Engineer: 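Here it is: the structure, laid out below.
Just so you know, these numbers come straight off a predicted model, no measurement behind them.
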Amino acid sequence: MTFSPPYPGILSLCLGLASLPALAARPFNTDDARVVDAGGCQIETFVKKQSNFGEREAWFLPGCNPGGNLELTFGGLNIRNDADGRASTLIAQAKTLLKPLQTNGYGMAVSLGATRQRPFAADPASHWSPFLNLISSVSLQSDAVVIHANAGVLDDRNTGVMRPTWGLGGEILIAPRLHAIVETYGQKGEKTSQQIGLRFWVVPERLQVDGTLGSQRSGPPVRTWMSLGLRLLF
């Protein structure tokens with residue numbers, strides 16, 4: 001029997017937010033064992049277009065390290081669906097390093113945060129849902145390849161469900177200032193997502209542009225998307 005949800009936009013929102021508990025360096029969803037330099041800040045912003053569903057997302061995620069070993073991020077996203085209108089989510093996160101990532105070594109970090117969703121059918125009783133994410137990164141071949149793995153949990157207080165989350169990704173240097181990325185990620189109750197992409201430093205460690213192509217077998221039809229992003233460090 002095929003299930004056809006009465007509110008496909010709400011389902012789309014849930015699927016699209018599956019990666020929220022990990023605020024990673026673009027274009028990853030899987031987080032890395034790095035933080036912004038002490039006293040520094042970054043702005044990550046990108047747009048994402050969902051194919052087959054008439055849906056577009058716009059993200060804006062500023063973050064700063066006030067000093068030492070703590071990166072604070074507060075931002076969110078807006079979603080526009082041709083059938084259901086608008087939805088939004090607020091995101092707050094703090095990340096700290098347990099062990100800095102070293103060349104040809106490994107690093108570890110942990111993040112704590114919360115999300116608050118306002119779905120297409122606006123619910124004034126929506127709650128902040130806390131999350132915890134454990135992060136590890138491994139450097140290979142003098143940083144030419146870096147692997148990231150995440151394991152976490154989201155306490156979804158809107159549905160009363162505790163959702164384990166996970167992610168696995170790799171970044172590969174393919175030319176000066178140009179990396180390829182590949183990853184897979186998901187959470188309890190959702191199909192696994194995959195994406196590939198490119199990250200290019202226009203100004204090394206200051207200005208980055210990136211793009212991805214991704215898919216999730218939530219259909220039919222299969223959900224696919226493309227994203228274009230910008231990352232500014234200062």
Side-chain angles (χ1 to χ4, degrees), residues 15-36 41-51 53 55-63 71 73-79 89 91 93 95 101 107 109 111 113 115 133 135-140 143-150 152 165-187 190-216 222-234:
L15 294 172
L17 299 182
S19 62
L20 283 181
L23 300 187
R26 276 287 301 167
F28 276 108
N29 288 274
T30 305
D31 211 344
D32 56 6
R34 305 179 181 115
V35 295
V36 176
C41 294
Q42 69 176 3
I43 294 175
E44 294 180 299
T45 183
F46 66 97
V47 293
K48 180 178 176 181
K49 182 178 180 181
Q50 300 270 8
S51 301
F53 290 89
E55 193 166 282
R56 297 160 297 282
E57 303 176 20
W59 293 63
F60 184 74
L61 295 168
E71 179 184 292
T73 301
F74 183 79
L77 70 147
N78 281 286
I79 299 178
T89 296
I91 308 165
Q93 176 183 279
K95 181 169 74 168
L101 177 61
S111 64
T115 69
N133 194 38
I135 305 157
S136 63
S137 298
V138 178
S139 166
L140 304 171
D143 291 338
V145 177
V146 183
I147 307 298
H148 311 293
N150 293 183
T165 63
W166 62 275
L168 180 65
E171 53 185 284
I172 304 161
L173 182 66
I174 58 176
R177 297 189 287 174
L178 179 64
H179 288 81
I181 72 104
V182 58
E183 69 173 328
T184 181
Y185 56 93
Q187 69 175 26
E190 309 291 355
K191 297 291 187 179
T192 299
S193 297
Q194 307 85 26
Q195 70 170 357
I196 58 174
L198 294 172
R199 167 194 292 164
F200 179 70
W201 287 103
V202 180
V203 179
E205 304 304 322
R206 293 296 178 187
L207 178 62
Q208 170 196 304
V209 294
D210 54 68
T212 67
L213 296 173
S215 67
Q216 181 189 53
V222 174
R223 180 178 296 274
T224 61
W225 65 83
M226 64 175 296
S227 74
L228 295 174
L230 179 72
R231 184 182 181 206
L232 175 66
L233 294 98
F234 55 94

Engineer: For the side chain of T45 and the backbone of W59, is there at least one donor-acceptor N/O pair under 3.5 Å apart?
Structural biologist: yes
Engineer: Measure the spacing between CG of L140 and CD1 of I147 and express it to the nearest 0.5 Å.
Structural biologist: 6.0 Å
Engineer: Tell me, do R231 and W201 make a side-chain contact under 4.5 Å, heavy atoms counted?
Structural biologist: yes
Engineer: Can you label the angle between the F28 ring and the H148 ring as parallel, tilted or perpendicular, going by 30° and 60°?
Structural biologist: perpendicular
Engineer: Strictly by modelled atom types, are N150 and N133 linked by a side-chain donor-acceptor pair under 3.5 Å?
Structural biologist: yes
Engineer: To the nearest 0.5 Å, what is the distance between CG on D210 and NE2 on H179?
Structural biologist: 12.5 Å
Engineer: Enter the distance from Q194:CD to Y185:OH here, rounded to the nearest 0.5 Å.
Structural biologist: 8.5 Å
Engineer: If we count only N and O atoms by modelled type, under 3.5 Å, do the side chains of Q187 and T165 hold a donor and an acceptor together?
Structural biologist: no
Engineer: Under 3.5 Å, is there a donor-acceptor pair between the side chain of S215 and the main chain of R223?
Structural biologist: no
Engineer: Assess the residue pair W166 and T30 against the criterion (side chain to side chain contact (heavy atoms under 4.5 Å, CB included)); give the C-alpha distance rounded to whole Å, side-chain angles, the decisive distance to 0.1 Å, and a yes or no.
Structural biologist: CA-CA 8 Å; W166 62 275; T30 305; over 6 Å; no
Engineer: Would you check if the side chain of E57 reaches a backbone N or O of L77 as a donor-acceptor pair within less than 3.5 Å?
Structural biologist: no
Engineer: At their closest point, which heavy atom of T212 faces which heavy atom of S227, and how far apart are they?
Structural biologist: OG1-OG, 2.6 Å
Engineer: Under the side chain to side chain donor-acceptor pair (under 3.5 Å) rule, collect the residues that match up with R206, sequence neighbours excluded.
Structural biologist: none
Engineer: I'd like to check the salt bridge (Lys or Arg N to Asp or Glu O under 4.0 Å) partners of E171; sequence neighbours left out, ordered by chain and number.
Structural biologist: R34, R199
Engineer: About how many Å separate CG of L198 and CG of L178, when rounded to the nearest 0.5 Å?
Structural biologist: 5.5 Å
Engineer: Which heavy-atom pair separates L168 from A149 by the least distance, and what is that distance?
Structural biologist: CD1-CB, 4.1 Å
Engineer: Report yes or no: does S137 contribute a side-chain atom to a donor-acceptor pair with the main-chain N or O of D32 at less than 3.5 Å?
Structural biologist: no
Engineer: Kindly compute the distance separating NZ (K48) from CE (M226), expressed to the nearest 0.5 Å.
Structural biologist: 12.0 Å
Engineer: Could you tell me if the side chain of V146 sits less than 4.5 Å from the side chain of L101, heavy atoms only?
Structural biologist: yes
Engineer: Check V36 against E71 and note the closest heavy-atom contact, atom names and distance.
Structural biologist: N-OE1, 2.7 Å
Engineer: Are any of the side-chain heavy atoms of I43 and F234 separated by less than 4.5 Å?
Structural biologist: yes
Engineer: Can you tell me if E183 uses its side chain to pair, donor with acceptor, with the backbone of N29 under 3.5 Å?
Structural biologist: yes
Engineer: With sequence neighbours excluded, tell me which residues meet side chain to side chain contact (heavy atoms under 4.5 Å, CB included) with I172.
Structural biologist: V145, I174
Engineer: Take I91 and L61 through the side chain to side chain contact (heavy atoms under 4.5 Å, CB included) test and state the conclusion after the steps.
Structural biologist: CA-CA 8 Å; I91 308 165; L61 295 168; 4.1 Å; yes
Engineer: Work out which heavy atom in A109 is nearest to a heavy atom in A33; give both atom names and the distance.
Structural biologist: CB-CA, 4.0 Å
Engineer: Could you report the tightest heavy-atom contact between E44 and A25, atom names first, then the distance?
Structural biologist: OE2-CA, 3.3 Å
Engineer: K95 side chain to G113 main-chain N or O, any donor-acceptor pair under 3.5 Å?
Structural biologist: no
Engineer: Taking all atoms of both residues into account, what is the closest heavy-atom pair of P27 and Q195, and its distance?
Structural biologist: O-NE2, 2.9 Å
